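Taking it in order: structure first as structure tokens, then the write-up.
From a predicted model like this one, the values you see are computed outputs, not experimental measurements. Naming convention: chains lettered A, B, ... in sequence-line order (proteins, then strands); numbering from 1 in each chain.
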There are 2 protein chains.
Amino acid sequence: MNKVFKALSDPTRRRVLQLLRDRPMSAGELAEHFSVSKPTMSAHFAVLREADLVDASKNGKSVIYRLKLSVLEDALLAFTGAIGLELKPDAAPNTEKETS
Amino acid sequence: MNKVFKALSDPTRRRVLQLLRDRPMSAGELAEHFSVSKPTMSAHFAVLREADLVDASKNGKSVIYRLKLSVLEDALLAFTGAIGLELKPDAAPNTEKETS
DNA sequence: CATTCATTTAGATAATTAGCTAATTATCTA
DNA sequence: TAGATAATTAGCTAATTATCTAAATGAATG
């Protein structure tokens, strides 16, 4: 859980997660949304992978990142639960486009 | 919101919030729960104040810290909302002892 | 098979952070 | 008013972080 919160402490990384909410995206595609260098973005992706918040899979020349929503949800619920902030899952509709 | 997430990125500070969930506590009382020096704890309190996650009030020689649950809740809901993680407030039962 | 394209690794740097001890400030009490 | 007590500020260090450019890796394609 610590790694998740560390990962969330940077606005660039939070925004990456937000972008991945709609659909999986390649590293380069994600990087286009930010004004920092590719290697810097690559380092941010590594932090997100390390926290298990995203999944990376290679597709040809690209690396596709996917949001692991459940990991985020679990960490947030664990924390809010411990704090006495009873947010609870809302059988949450997922906005992502269907892959099937 | 960035300051809130920065504040939450340290386990000591998350634990402080957790302790304050039960009741307001003085700086010294809080510090007893940790194995770091008082000045270090004081710095952590400053970060939490800066993020508006706690309220500090002087009472004689002591400084009493209180959790500002709503600020935490707002930040978390703003983020989870943006991410498409529809946690929602649960009319949360507050464990804190009544002050009235 | 040499080139191009996508991404990551290496290596450097500046800024931030968490930690410490010592000193200061503010308040209470004998 | 002279301690004693609670907390913060000052000043320091070591570790981590976000950033960069240049180089390396891996995969597709002429």
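- Note that CZ of Arg66(B) and CG of Leu20(B) are 10.0 Å apart. Values are rounded to the nearest 0.5 Å.
- Leu48(A) has its CG atom 12 Å from the P atom of dT8(C), to the nearest Å.
- Considering CZ of Arg13(A) and NE2 of His44(A), their distance stands at 6.0 Å, rounded to 0.5 Å.
- Checked against a 6.0 Å centroid threshold, the rings of Phe5(B) and Phe5(A) do not count as neighbours.
- Residue Tyr65(A) has a polar side-chain atom (N or O) positioned under 4.0 Å from OP1 or OP2 of dT8(C).
- The residue among Ser9(A) and Ala46(B) whose nearest nucleotide of DNA chain D lies closer to the 5′ end is Ala46(B).
- Residue contacts shown for Ser26(B) are limited to sugar-phosphate atoms, with no base heavy atom under 4.0 Å away.
- Checked by atom type and distance alone, the side chain of Ser42(A) never pairs as donor or acceptor with a backbone atom of Pro39(A) at under 3.5 Å.
- The span of DNA chain D lying next to chain B, judged by atoms under 4.0 Å from heavy atoms, is bounded 5' to 3' by dT5(D) to dT9(D).
- In this structure, Arg23(B) pairs ionically with Glu29(B), as a charged nitrogen and a carboxylate oxygen lie closer than 4.0 Å.
- A donor atom on one side chain and an acceptor atom on the other are found under 3.5 Å apart for Gln18(B) and Arg15(B).
- Protein atom CD of Glu32(A) is 14 Å distant from nucleotide atom C1' of dT7(C), rounded to whole Å.
- Residue Phe34(B) is out of contact with every strand shown, counting any heavy-atom pair closer than 4.0 Å.
- Nucleic acid contact for Ser62(A): sugar-phosphate only, since backbone atoms but no base atoms lie under 4.0 Å from a heavy atom of the residue.
- Pairing for dC28(C) is with dG3(D), a Watson-Crick or G-U wobble pair whose two hydrogen-bonding atom distances lie under 3.5 Å.
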